[in-house]
Amino acid sequence: MPELPEVESVRIGSQDWFSGRRIRTVRVFNSRSVRHHEQGVGDFEDRLAGVRLGDFVRRGKFMWVPLDSGDLLTFHLGMSGQIRASGSGGRAELEKNPHLRVTIEFDDQREVLHFVDQRTFGYLRIDTAAVLSETGELPIPESLAHIAPDPFDPDFDLDMVVAKAKSKRSPIKSVLLDQSVVSGIGNIYADEALWRAQIRWSTEASRLSVGRIRALYQAATEVMTEAIAVGGTSFDALYVNVNGESGYFERSLHSYGREGEPCDRCGSLIIRERFANRSSFRCPDCQRR
DNA sequence: AATGGTTCCTGGACGC
DNA sequence: TGCGTCCAGGAACCAT
């Protein structure tokens with residue numbers, strides 16, 4: 001389940017393997033993976049042939065790379081998307097993978113970019129223009145204009161984020177997951193941030209003090225910083241980096257996925273509750289109201 | 001306008 | 001053993 005730390009790991013790998021190279025051929029094996037490209041699969045493949053990739057950039061869970069054609073190639077990994085680099089060795093194996101959706105081959109005939117995605121929630125899209133977001137000063141693909149800066153973005157403004165969150169009547173977890181407030185946080189890091197800040201997920205955001213909301217976003221930033229340092233969180237083979245390796249953050253989780261296990265702070269047993277059709281994990285004692 | 005619910009997808013886990 | 005059912009979740013989209 002790639003959230004910000006996992007996507008950052010993929011961005012670094014993509015930059016190392018693919019930046020600066022010129023595309024020779026793009027092949028799309030499942031049209032759903034380019035569903036946002038209205039002109040269709042053929043046009044998607046044709047527009048990318050012959051262009052050179054610039055530097056890979058990330059905002060929240062989105063990643064893109066500017067092209068020397070003036071377009072931008074935007075990636076979202078969804079639930080299960082992977083970007084893999086492989087030369088002749090691992091390539092045959094990857095191309096037998098039934099979940100291989102897109103390949104990008106380069107002029108230099110070196111490593112191929114493989115987009116693998118079991119559940120096809122992820123996608124690639126071509127943006128024709130970069131714009132300034134409402135809150136940001138850095139140009140981003142036009143399709144991402146509604147995505148707020150993440151905590152690692154130079155445009156990130158904690159005071160503004162806290163004020164925006166404070167104005168919401170939704171459960172605080174909904175606000176944490178709202179990519180137009182702060183981007184990059186998903187279900188795992190939301191639960192971990194709430195555990196660290198000792199806040200119950202269902203608390204109405206506007207009923208929390210500014211100080212507690214601030215502490216919550218600082219906790220989210222801390223937990224993602226720590227996860228980035230160890231290559232992200234992996235539960236299974238669904239998240240791997242560009243080289244096919246797993247991250248190590250799972251062993252550092254305090255709440256997510258730990259139903260029935262003792263809270264690392266107070267020893268009470270972690271419980272699982274349903275929220276918006278998905279799971280939330282919390283300590284029943286130190287995350288009360 | 002803001003908020004909550006629905007939908008897309010696949011395969012592993014589980015119950016009978 | 002085999003079949004049916006549930007579950008995982010990001011975010012676009014729709015309904016209220």
Side-chain angles (χ1 to χ4, degrees), chain A residues 1-8 10-11 28-38 58-64 74-83 96-102 115-125 127 133-134 140-148 150 163-194 201-207 220 224 227 232-240 246 250 253 255-260 271-281:
Chain A
M1 304 118 210
E3 302 180 31
L4 187 154
E6 293 74 39
V7 179
E8 176 61 9
V10 169
R11 186 196 67 80
V28 176
F29 304 110
N30 185 329
S31 62
R32 185 169 151 78
S33 297
V34 296
R35 61 190 175 279
H36 295 294
H37 191 72
E38 290 171 8
R58 182 191 51 70
R59 169 172 280 200
K61 305 168 196 169
F62 289 86
M63 178 174 84
W64 67 88
T74 303
F75 299 80
H76 196 285
L77 302 179
M79 281 295 302
S80 55
Q82 306 175 355
I83 291 171
K96 279 188 297 189
N97 188 325
H99 306 127
L100 178 64
R101 308 302 186 191
V102 180
F115 181 69
V116 177
D117 189 10
Q118 180 198 101
R119 297 180 200 167
T120 67
F121 282 21
Y123 58 85
L124 282 66
R125 79 183 294 162
D127 279 279
S133 71
E134 180 188 343
I140 62 173
E142 58 188 353
S143 66
L144 305 187
H146 61 297
I147 302 297
D150 63 58
K164 196 166 182 177
K166 175 79 179 167
S167 73
K168 303 275 187 183
R169 308 286 302 265
S170 320
I172 187 64
K173 186 168 176 181
S174 292
V175 181
L176 275 177
L177 295 172
D178 185 341
Q179 306 296 300
S180 70
V181 178
V182 171
S183 64
I185 302 171
N187 204 38
I188 298 173
Y189 295 108
D191 278 4
E192 291 299 307
L194 288 163
W201 61 265
S202 53
T203 310
E204 187 184 311
S206 63
R207 297 178 66 89
M224 291 194 292
T233 303
S234 302
F235 293 97
D236 51 38
L238 281 188
Y239 165 69
V240 294
S246 297
E250 184 185 3
L253 297 176
S255 58
Y256 185 85
R258 297 197 58 214
E259 181 181 19
I271 58 173
R272 171 157 77 159
E273 296 163 314
R274 299 297 297 177
F275 158 65
N277 260 333
R278 53 211 48 171
S279 292
S280 283
F281 298 88

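Order of the sequence lines fixes the chain letters, A, B, ..., with proteins taken first and strands second; residue numbering starts at 1 for each chain. These numbers were taken from a predicted model, which means no experiment stands behind them.
Checking the phosphate oxygens (OP1, OP2) of B:dG4, a side-chain nitrogen or oxygen of A:Ser170 falls inside 4.0 Å. Taking 4.0 angstrom as the limit, A:His76 places none of its side-chain polar atoms (N or O) nearer than this to OP1 or OP2 of C:dG10. In this model, the phosphate group of C:dC7 is not approached by any side-chain N or O of A:Ser279 to a distance below 4.0 Å at OP1 or OP2. Distances shown here put a side-chain N or O of A:Arg272 below 4.0 Å from the OP1 or OP2 atom of C:dA8.
If you check the side chains of A:Ser279 and A:Arg272, you find a donor sitting under 3.5 Å from an acceptor. Counted by atom type alone, A:Asp191 and A:Ser255 present zero donor-acceptor pairs between their side chains at under 3.5 Å.
In this structure, A:Arg35 reaches neither bases nor backbone, as no heavy-atom distance under 4.0 Å exists between it and the strands shown. Using a 4.0 Å heavy-atom cutoff across all strands shown, A:Phe275 reaches no nucleic acid atom at all.
The CZ-C1' distance, from A:Phe115 to B:dC9, rounds to 13 Å in whole Å. To the nearest angstrom, P of B:dT6 lies 12 Å from CZ of A:Arg278. In this structure, CD of A:Glu204 is placed 12 Å from C1' of B:dT3, rounded to the nearest angstrom. When the P atom of B:dA2 is taken as reference, atom CG of A:Leu177 falls 19 Å away, rounded to whole Å. Atom-to-atom, NZ of A:Lys173 to C1' of B:dT3 comes out at 17 Å; the value is rounded to the nearest Å. One interatomic measurement links the two molecules: CD of A:Gln82 to C1' of B:dG11, which rounds to 14 Å at whole-angstrom precision. When rounded to the nearest whole Å, the span between CD of A:Gln118 and C1' of C:dG10 equals 15 Å. Rounded to whole Å, atom C1' of C:dA8 lies 10 Å from atom CD1 of A:Ile188.
Taking the side chain of A:Phe62 as heavy atoms from C-beta on, and the options B:dC9, B:dG11, C:dA12, the nearest nucleotide is C:dA12. Closest to the side chain of A:His146, out of C:dA12, B:dC9, C:dG10, is C:dA12.
Residue A:Arg169 places no side-chain atom within donor-acceptor reach of the base of B:dA2, judged by atom type and a 3.5 Å distance cut-off alone.
In terms of position along DNA chain B, the nucleotide closest to A:Pro171 lies nearer the 5' end than the nucleotide closest to the other residue of the pair A:Arg32 and A:Pro171. Where A:Asn277 and A:Lys168 meet DNA chain B, the nucleotide closest to each residue was compared, and A:Lys168 sits on the side nearer the 5' end.
At a threshold of 4.0 Å, the pair A:Asp117-A:Arg32 does not count as salt-bridged, since none of the basic side-chain nitrogens sits closer than that to a carboxylate oxygen.
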field: Step-by-step salt bridge (charged side-chain N to carboxylate O under 4.0 Å, His left out) determination, A:Glu3 to A:Lys61
entry: CA-CA 6 Å; A:Glu3 302 180 31; A:Lys61 305 168 196 169; 5.6 Å; no

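Counting only heavy atoms from C-beta outward, the side chains of A:Thr74 and A:His36 never approach each other to under 4.5 Å.
Stacking annotation: A:Phe121 is stacked on the base of C:dG10 (ring centroids less than 5.5 angstrom apart, interplanar angle below 30 degrees).
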